[in-house]
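These notes are about the structure you will find just below.
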Amino acid sequence: MNRLDGKVAVVTGGASGIGAATARLFAQAGARVVIGDVQDGAAVARDIGGTFVACDVRRSGDVAALVARAVADHGRLDVLFNNAGIERNGPLVAMDPQAHRDLLDVNVTGVLHGIQHAVPAMMANPGPARGSIVNTASVAGLTGAPMLGSYAATKHAVVGLTRTAAIEVGSAGIRVNAVCPGIIRTPMLGGFSVDEAAIARIGRIHALGRIGEPEEVARLVLFLASDDASFVSGQAIAVDGGMTAGSTGALPGPGL
Ligand code: NAD
């Protein structure tokens, strides 16, 4: 199924969770993968035959160096999975201002940095199809999210960046899409101190009655990254077990 044969992919936030699962699937699909993360991703990279580069997506220079490393090592960049993100929660009226700024810095500015450095690298590829950028938004980028208002603002912003970038770079043959996961079993869930009973309750806000696994997001990202999605751009696609299909779903806040 080598849908990424000959392609070079950069994955931000690739040391853990959805990013690590996607980096692994990209490698299985034939890509050469470079992982960037603030936490150590050397073990994940070693495991998949890829490379780890320490990178804080809040810093433009770090993201530039990450992309430059992929191009230096492998001669090109075809895919960026712009996935690094953080979660901070609290009711909007009491949201800590620094936590709000941290969310904007990582989840929005970090994604912008990825677009800003990946596009020039992809422009060096021969056309007409020059590359694919996939941004990680969230169901909280599509609907309001009680107790996650600042996070939801950042993920709506990711959808805005995605649609705008798709229009701005589409004529160059670069596609830009977003994935909008429901609740996925990753270390990020630890922010809610959830036990298995809580996970079962959270599962019930998804039509399928359970939370998702990182690999289930990774398979959508692989599709969007690959030429199978050659006419798909500017989309924010939910991979949420049906959570946003009805009007009853609401993201859980702490204590649920
Ligand atoms: P995770 O915590 O396992 O992975 C996030 C990764 O991003 C970590 O490896 C972390 O070190 C890295 N990271 C954080 N700040 C960074 C920075 N400044 N620079 C570089 N890397 C940084 O969580 P995850 O669930 O795999 O999250 C991946 C993405 O999925 C995030 O954008 C998150 O908002 C989004 N998401 C997660 C869920 C969920 O339920 N887990 C749902 C919807 C969207």
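All ligand and atom numbering here is 1-based and tracks the order in the structure. Atoms considered below: every heavy atom in the structure, side chains included; atoms not considered: hydrogens, waters and symmetry mates.
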At the 4.0 Å heavy-atom cut-off, does Arg185 count as touching ligand 1?
no

Which of these, Arg59, Met188, Glu87, has its nearest heavy atom closest to atom 2 (O) of ligand 1?
Met188

What part of Asp56 sits under 4.0 Å from ligand 1 if we count only heavy atoms: the side chain, the backbone, both or neither?
both

Counting non-hydrogen protein atoms only, what is the nearest one to atom 3 (O) of ligand 1? Give residue, atom name and distance.
Ser16 OG, 2.5 Å

Under 4.0 Å to a heavy atom of Ile183 - the qualifying atoms of ligand 1, by number
40 (O)

side-chain hydrogen bond (donor to acceptor under 3.5 Å, both in side chains) pairs, two or more places apart, involving residues 108-131:
Ser60-His117

With heavy atoms under 4.0 Å as the rule, classify the contact between Cys180 and ligand 1 as side chain, backbone, both or neither.
neither

Thr51 side chain to Ala70 main-chain N or O, any donor-acceptor pair under 3.5 Å?
no

Kindly say whether Ala229 contributes a backbone atom to a donor-acceptor pair with the side chain of Arg175 at under 3.5 angstrom?
yes

Gap between atom CG of Leu103 and atom CG of Asn89 - 0.5 Å precision:
9.5 Å

Which value, rounded to the nearest 0.5 Å, describes the distance between Arg24 atom CZ and Ile35 atom CD1?
8.5 Å

Should Ser138 be counted as touching ligand 1, given the test is an N or O pair under 3.5 Å?
no

Is Gly36 in polar range of ligand 1, meaning some N or O pair under 3.5 Å apart?
no

For atom 42 (C) of ligand 1, the protein heavy atom that lies nearest, with its residue and separation
Gly182 O, 3.1 Å

Determine the sole option in Asp62, Val10, Leu66 for which the side-chain contact (heavy atoms from CB on, under 4.5 Å) test with Val53 is passed.
Leu66

Gly17: numbered ligand 1 atoms lying under 4.0 Å from its heavy atoms
3 (O), 26 (O)

Tell me, which protein residue and heavy-atom name are nearest atom 35 (C) of ligand 1, and how many Å apart are they?
Thr136 CG2, 3.5 Å

Below 4.0 angstrom from a heavy atom of Ile86, which ligand 1 atoms are there? Numbered from 1 as shown, please.
14 (C), 15 (N)

Any donor-acceptor pair under 3.5 Å linking the side-chain atoms of Asn135 with those of Thr162?
yes

I'd like to know if the side chain of Asn82 reaches the main chain of Thr136, judged simply by a donor and an acceptor atom lying under 3.5 Å from each other, with no hydrogens or angles considered.
no

Report yes if some heavy atom in the side chain of Gln39 is under 4.5 Å from a heavy atom in the side chain of Ser16; otherwise report no.
yes

Regarding ligand 1, does Thr186 bring an N or O atom to under 3.5 Å of one of the ligand's N or O atoms?
yes

Quick one: pull up CZ in Arg204 and CE in Met243 and give me the separation to the nearest 0.5 Å.
13.5 Å

Heavy-atom contacts under 4.0 Å between Asn83 and ligand 1: side chain, backbone, both, or neither?
both

When every non-hydrogen atom of Ile115 is compared with those of Leu80, the smallest separation belongs to N-CD2, 4.2 Å

May I ask you to list the atoms of ligand 1 that are less than 4.0 angstrom from any heavy atom of Gly85?
5 (C), 7 (O), 14 (C), 31 (C), 32 (O)

Identity and separation of the nearest protein heavy atom to atom 7 (O) of ligand 1
Gly13 CA, 3.5 Å

Which residue holds the protein heavy atom closest to atom 10 (C) of ligand 1, what is that atom called, and what is the gap in Å?
Asp37 OD1, 3.4 Å

Under 4.0 Å from a heavy atom of Ala137: which atoms of ligand 1 are those, numbered in the order shown and with their elements?
44 (C)

Just to check, does Thr12 reach to within less than 4.0 Å of ligand 1 when the distance is taken from its heavy atoms?
no

Taking every non-hydrogen atom, the tightest pair across Phe223 and Asp228
CE1-O, 3.6 Å

Ligand 1 and Tyr151, any nitrogen or oxygen pair closer than 3.5 angstrom?
yes

Among all protein heavy atoms, pick out the one at the shortest distance from atom 39 (C) of ligand 1; state its residue, atom name and that distance to 0.1 Å.
Ile184 N, 3.6 Å

Distance col, row Leu4:CG vs Phe26:CZ, nearest 0.5 angstrom, shows 6.0 Å

Distance to 0.1 Å, residue and atom name: give those for the protein heavy atom nearest to atom 20 (C) of ligand 1.
Cys55 O, 3.2 Å

Under the side-chain hydrogen bond (donor to acceptor under 3.5 Å, both in side chains) rule, collect the residues that match up with Arg58, sequence neighbours excluded.
Asp56

Around atom 19 (N) of ligand 1, find the nearest protein heavy atom and jot down its residue, atom name and distance.
Val57 N, 2.9 Å

